[in-house]
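Just below is one structure, and these are the notes that go with it.
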Number of protein chains: 2
Amino acid sequence: MKTEQVISMTTKKEHIILTTSELIHSKGYENTKLSDILNAADIGKGQFYHYFSTKKDLGIAVVDQFVRTWDQNLIEAILKSDKPSGEKLNEMLDWAIAYHEKSASFRGCPFGNLALEMSEHDETFRTKVNVLFEKWINSLADVLKDIVGEDMARQHAQAVVAQIEGGILLMKNFQDLTILKNIVENIRVQYAKH
Amino acid sequence: MKTEQVISMTTKKEHIILTTSELIHSKGYENTKLSDILNAADIGKGQFYHYFSTKKDLGIAVVDQFVRTWDQNLIEAILKSDKPSGEKLNEMLDWAIAYHEKSASFRGCPFGNLALEMSEHDETFRTKVNVLFEKWINSLADVLKDIVGEDMARQHAQAVVAQIEGGILLMKNFQDLTILKNIVENIRVQYAKH
DNA sequence: CGACTCCTACCAACCAGTCGGTACAATTCA
DNA sequence: TGAATTGTACCGACTGGTTGGTAGGAGTCG
């Protein structure tokens with residue numbers, strides 16, 4: 001029984017990008033070998049090099065895809081919605097936990113992972129990850145303006161993002177989701193009574 | 001006579017460990033190739049495999065060395081000293097900044113780096129990194145007891161460590177030390193008024 | 001001597017990337 | 001019309017270089 005046509009939902013190129021996203025998210029970029037990609041996406045080398053010129057070319061497409069997704073789901077849908085600020089902050093924190101709850105493993109934050117793996121020896125990746133962090137901090141600072149005032153907003157936004165990323169790091173190493181939950185709860189309390 | 005032999009052997013082995021520490025700190029474990037180690041330490045392969053049985057064997061020795069150093073300089077010398085708690089917290093934060101200030105590059109926290117690189121696909125490294133984080137959080141919780149009370153101490157300790165690690169992550173990606181400084185200042189303010 | 005220390009030459013496995021070729025549909029030409 | 005040409009999608013054997021690790025020899029020193 002052949003199920004060839006099922007894949008035509010997305011294009012072949014998108015299929016490769018999506019499959020590789022998973023691999024890079026859990027194994028990192030360098031540690032994801034071309035052979036892993038070829039096996040996971042069930043394609044041959046010819047097909048791969050028909051759509052992408054190098055492995056890095058694919059890597060960049062994967063990061064772009066991550067940035068696009070987060071831009072939609074976190075920044076646009078939550079932080080730039082027209083709900084009250086306190087609600088937006090809470091929704092962001094809910095989203096963070098839900099993100100790591102659903103993927104029964106401890107792969108961590110794709111941007112945090114890439115930041116630590118790549119930022120010191122590859123400018124292309126560093127810059128792309130940077131754009132997302134910058135957007136995140138800026139739009140979060142906008143939200144926090146109403147809570148801590150204009151002067152301190154950006155500093156607090158940095159601190160909150162740092163706390164989340166650090167929490168994810170600890171969660172990953174302890175292989176224990178409750179650590180992240182504690183830290184998120186800590187953030188909630190910190191900004192609830194303002 | 002025998003002492004001299006032992007010392008020179010230890011020195012040589014330690015020299016390899018120390019040199020590799022630098023490499024692993026800035027490039028990560030997998031990305032530090034054996035040839036890099038051989039070049040940096042200026043030794044031949046025979047010498048390497050005389051002292052270490054595998055690359056992973058060296059990697060473990062390097063992590064052990066990091067753990068020992070931090071145990072001495074951070075946990076014993078600062079967090080378990082007999083100074084007042086507020087002072088110990090401040091000294092820890094000073095130490096964190098000084099650590100990243102002196103190494104004119106942005107290599108990040110060796111444990112944070114290893115946690116994200118290795119913890120999902122190597123139990124040995126994950127466990128060793130875990131031990132250090134556990135020690136750090138426990139002895140920091142002891143310090144925070146006097147500031148936030150026994151009940152909340154551990155949760156706050158986790159949050160502070162997360163904030164520092166996340167701050168280092170952002171600092172590394174933004175290649176900007178002031179981000180870490182802001183976050184550390186934020187922590188200082190948070191626990192100063194208690 | 002013989003244990004210890006350290007060397008170079010070498011190995012199989014693996015890596016990203018290349019290359020000659022195939023299948024087949026669309027376009028051009030006679 | 002239908003034969004020749006062109007373009008797109010794909011294959012997998014192969015390449016040059018790198019990887020971690022091994023074998024066997026040589027210098028040193030008690």
Side-chain angles (χ1 to χ4, degrees), chain A residues 2-24 26-63 114 117-118 121-125, chain B residues 1-63 114 117-118 121-125:
Chain A
K2 296 203 167 183
T3 50
E4 305 164 7
Q5 289 301 94
V6 181
I7 304 172
S8 65
M9 302 271 291
T10 55
T11 69
K12 216 80 204 227
K13 188 170 181 180
E14 269 164 358
H15 166 69
I16 298 174
I17 293 174
L18 252 26
T19 309
T20 311
S21 298
E22 304 276 305
L23 291 173
I24 289 184
S26 63
K27 306 175 56 163
Y29 172 74
E30 298 280 7
N31 223 13
T32 297
K33 309 299 179 184
L34 215 41
S35 57
D36 299 330
I37 296 167
L38 267 26
N39 286 335
D42 197 35
I43 53 167
K45 240 178 200 182
Q47 190 170 1
F48 177 87
Y49 280 100
H50 175 69
Y51 290 110
F52 302 95
S53 57
T54 59
K55 184 193 166 190
K56 190 175 172 180
D57 189 30
L58 204 217
I60 287 167
V62 165
V63 177
L114 283 170
E117 184 192 349
M118 305 298 286
H121 62 274
D122 190 299
E123 276 293 296
T124 320
F125 282 89
Chain B
M1 13 178 155
K2 198 157 196 177
T3 324
E4 207 177 271
Q5 216 178 50
V6 172
I7 283 176
S8 71
M9 186 189 90
T10 311
T11 302
K12 201 85 194 186
K13 187 170 180 179
E14 220 129 72
H15 165 69
I16 299 174
I17 293 174
L18 253 27
T19 310
T20 312
S21 297
E22 304 276 307
L23 291 172
I24 288 184
H25 188 182
S26 63
K27 305 175 56 163
Y29 172 74
E30 298 280 6
N31 222 16
T32 298
K33 309 299 179 185
L34 215 38
S35 57
D36 298 331
I37 296 167
L38 268 25
N39 285 336
D42 197 34
I43 53 167
K45 253 189 187 181
Q47 192 169 2
F48 176 87
Y49 280 101
H50 174 69
Y51 290 112
F52 303 95
S53 56
T54 59
K55 184 195 167 189
K56 188 176 173 178
D57 189 30
L58 203 218
I60 288 167
V62 165
V63 176
L114 283 171
E117 183 192 350
M118 305 298 284
H121 62 273
D122 191 300
E123 276 293 295
T124 321
F125 284 89

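What you are looking at is a predicted structure, and each value in this text was computed from that prediction instead of being measured.
- Rounded to whole Å, the distance from NZ on A/K13 to P on D/dT8 is 14 Å.
- For the pair A/K55 and A/Y49, the cation-pi test (distance below 6.0 Å, angle within 45°) is failed.
- Between the CG atom of B/N31 and the P atom of C/dC15 there is a distance of 14 Å, given to the nearest Å.
- Within the 3.5 Å criterion, the main-chain N or O of B/D36 finds no donor-acceptor partner in the side chain of B/N39.
- Figure legend: A/K56 and A/F125 shown without cation-pi pairing, the cationic atom not lying both under 6.0 angstrom from the six-membered ring centre and within 45 degrees of its axis.
- In terms of phosphate contacts, A/Y49 brings no side-chain nitrogen or oxygen within less than 4.0 Å of OP1 or OP2 of C/dC19.
- To the nearest angstrom, P of D/dT18 lies 16 Å from NZ of B/K55.
- For A/H50, no side-chain nitrogen or oxygen approaches OP1 or OP2 of D/dC10 to under 4.0 Å.
- Residue A/Q47 has no polar side-chain atom (N or O) positioned under 4.0 Å from OP1 or OP2 of D/dA9.
- Taking 4.0 angstrom as the limit, B/Y51 places none of its side-chain polar atoms (N or O) nearer than this to OP1 or OP2 of C/dT5.
- If you measure from atom NE2 of A/H15 to atom P of D/dA9, you get 16 Å, rounded to the nearest angstrom.
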Practice item. Under the side-chain contact (heavy atoms from CB on, under 4.5 Å) rule, what do B/Y29 and B/V62 come out as? Steps first, then yes or no, please. Key: CA-CA 10 Å; B/Y29 172 74; B/V62 165; over 6 Å; no

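- Per the geometry, CZ belonging to B/F52 stands 18 Å off C1' belonging to D/dT22, to the nearest Å.
- At a cut-off of 3.5 angstrom, the base of C/dG17 holds at least one donor-acceptor pair with the side chain of A/K45.
- Residue A/L34 contributes atom CG, which lies 12 Å from atom C1' of C/dC14 at whole-angstrom precision.
- Remark: A/S35 is not in phosphate contact with C/dC14, judged by side-chain N or O atoms under 4.0 Å from OP1 or OP2.
- Nucleotide C/dC15 holds its P atom 7 Å from the CG atom of A/D36, rounded to whole Å.
- Residue-to-nucleotide proximity on DNA chain C shows that, of A/F48 and B/G46, the 5′-proximal contact is made by B/G46.
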